[in-house]
There are 2 protein chains.
Amino acid sequence: MNTDMNLATNIFPVSRSLAQERHDLIVSEVRTRGSVRVTELATLLDVSDMTIRRDLDVLDEAGALVKVHGGAKVSTDHAADQPSFDAKSNTQTAEKQAIARAAAEFVRGGATIGLMAGTTTWRLAGELAAIPNLTVVTNSMRVAEVFNEFWRADRNIILTGGVRTPSDALVGPIAATALAALHVDTLFIGVHGMSERAGFTTPNILESDTNRAFIQASGRKIVLADHSKWGVTGLSSFANLSDADVLITDDKLSADAAAVLANQIPDVRQVSGS
Amino acid sequence: MNTDMNLATNIFPVSRSLAQERHDLIVSEVRTRGSVRVTELATLLDVSDMTIRRDLDVLDEAGALVKVHGGAKVSTDHAADQPSFDAKSNTQTAEKQAIARAAAEFVRGGATIGLMAGTTTWRLAGELAAIPNLTVVTNSMRVAEVFNEFWRADRNIILTGGVRTPSDALVGPIAATALAALHVDTLFIGVHGMSERAGFTTPNILESDTNRAFIQASGRKIVLADHSKWGVTGLSSFANLSDADVLITDDKLSADAAAVLANQIPDVRQVSGS
DNA sequence: AGACCATGTGATCGTTCGCACACCGGAGTG
DNA sequence: CACTCCGGTGTGCGAACGATCACATGGTCT
């Protein structure tokens, strides 16, 4: 047992990541979260903090971010733009971020994915910055903006159109018509509430229609919902729990709730938000 | 992954140039995964790393990927060179503002209007803040954002959807379909260039299609174009001069040009930009 | 056969990374 | 007040890894 440790660590040739990859990841991390600490990045990327510092030096030099004591933050010319850090997107931040990161694992380069409107899916958009060759369909202007921010030729961003709700979803007949003509491999669903009886819900009835159309247009359906969504019922249901193929939530979800969900959804994952 | 390679090598004793196949596989690998390391490819393709390096040299040279230390990553080709929105929005500011203000005079409360993408129409959006009871159809995210910023219950903002061009127009079949189902009283048209021969033009051919659909969906057509647009011809024409009902421009337009325009457009107005 | 091309080999040189160590300033603590 | 601990930072060096070159090899083309 104890001798296996050396073996195990040596068998896999450490699969060190390319420096460039690290850089991309660091930048996207900084862009989505506003700031990062050196030690976080070191454990996240599994390299020494010295390496992270050197990376930050380079990226700072290149203007991609600004080094500060303890880590790095977004470079100022980039910082002023987003008015989007309002009340809603600040709740359960760590959990949502962790969920978004776990969700990003499901996306491979070259895929066609759908991102429903929502704060968690918005964070997911940031996590997808480094993935090449994506086609993304979304009904959220904010999500679209994330991708527009760093434009890439290998990226195809499609906005459904429609009327914008206060929570930033484009809805209505235009959205529905657009979605009817499209098909995505994987759809990431943000919800307002979920419960055993009502399934997945949203407070906005128009949004509900659009969500249904989106689900209709998709293959694999992945729901992103932190624990605070459990037991919440919005005005309008748009899917049953069993419609989801995967649910990603955090580890603060009660065991009861997890059991109910696992009973209806083939793949339920709980990630740690800390 | 694909094991055809091994098969091929066994059946055909290297009769064909395998290099091409390796290249294809390397590129697709990079495209789907974002990055690869030389050693991975070497074992995957069962050739020496030297060969892989040479392959990467070629592919880098060809622009299919970018070599980095340890491997290669996708090239984020920034080749598309249309004037981006930010670059454009700073030119002829005073004139555009004056034109926008004059255009706002055409909008009465309760109207249904269309705003094409463009910097002048974007400014017009700002001028329309005070007008009650509007329904606005636009294919520009930035225009939509202006209205979203101060949300009003008596306002209906409809976004066409589509794929976003660098100059912030949503285009493509989704936009066209959405527009086909709509009708606006008054359409405000921003142009990239106008000339006697080519009429109204844009550098982006997709945008051109969408613009035509927009025009099709509208009653009165008002073109906003400062004097610098005269004589400029973009790649693609989307309307004749005579299709416009009103043209609003500034007083720096030459008398000749004004005469030509007045000959084809019933109502040509020149406003002062200072 | 001889030129030719793609590929592998080994030597050499450049890069990257982790570790050990030193520095620097702030918060306790005696 | 001096003293020490502590987290963050930077430097130097060695080891491992990657890049590159020159050359050898073993096939194909004419």
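Every value quoted in this text rests on a predicted model; they were computed, and no experiment measured them. Throughout, a chain's letter reflects where its sequence line sits, starting with A, and its residues are numbered from 1.
- Applying the side-chain hydrogen bond (donor to acceptor under 3.5 Å, both in side chains) test to pairs two or more places apart or on separate chains, those with a residue in residues 127-137 of chain A are Gln97(A)-Glu127(A).
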For nucleotides 6-9 of chain D, list the nitrogen or oxygen atoms of the protein found under 3.5 Å from its nitrogen or oxygen atoms, one pair per line.
unit_1	atom_1	unit_2	atom_2	d
dG8(D)	OP1	Arg37(A)	NH1	3.1
dG8(D)	O3'	Gly70(A)	N	3.1
dT9(D)	OP1	Val68(A)	O	3.4
dT9(D)	OP1	Gly70(A)	N	2.5
dT9(D)	OP2	Arg53(A)	NE	3.1
dT9(D)	OP2	Arg53(A)	NH2	3.2

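- In this structure, the CG atom of Asp60(B) is 10 Å from the P atom of dT20(D), given to the nearest Å.
- Taking side-chain N and O atoms only, Ser48(A) has no distance below 4.0 Å to OP1 or OP2 of dC17(C).
- Taking side-chain N and O atoms only, Arg22(B) has a distance below 4.0 Å to OP1 or OP2 of dT7(C).
- Side-chain contact between Leu56(A) and Ile52(A) is present, with at least one heavy-atom pair separated by less than 4.5 Å.
- One atom, CD of Gln20(B), and another, P of dC5(C), lie 17 Å apart when rounded to the nearest Å.
- Computed from coordinates, the Asp57(B) CG to dA6(C) P distance equals 14 Å when rounded to whole Å.
- Note: NE2 (His23(B)) to C1' (dT7(C)) measures 12 Å, nearest angstrom.
- Side-chain atoms of Ser48(A) come within 3.5 Å of backbone N or O of Thr51(A) as a donor-acceptor pair.
- Distance Glu21(A) CD to dT16(C) C1': 15 Å, rounded to the nearest Å.
- In this structure, Lys73(B) atom NZ and dG18(D) atom P are separated by 18 Å, rounded to whole Å.
- Ion pairing between a basic and an acidic side chain is recognised when a charged N comes within 4.0 Å of a carboxylate O; Arg53(A) and Asp57(A) show no such pairing.
- Taking atom CE on Met50(A) and atom P on dA16(D), their separation rounds to 20 Å, with Å as the unit.
- Applying the salt bridge (Lys or Arg N to Asp or Glu O under 4.0 Å) test to Arg33(B) and every residue at least two apart in sequence or in another chain returns Glu29(B), Glu40(B).
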Start with the C-alpha gap between Glu95(A) and Lys252(A), add the side-chain angles, then the distance that decides, and say whether salt bridge (charged side-chain N to carboxylate O under 4.0 Å, His left out) holds.
-> CA-CA 9 Å; Glu95(A) 286 84 358; Lys252(A) 295 210 184 73; 2.3 Å; yes
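- Heavy atoms only, all atoms of each residue included: Leu241(A) and Glu196(A) are closest at CD1-CA, 3.9 Å.
- One cannot find a donor-acceptor pair under 3.5 Å joining the base of dG10(D) and the side-chain atoms of Arg54(A).
- Atom pair Asp55(A):CG and dG10(D):P shows a separation of 13 Å (rounding to whole Å applied).
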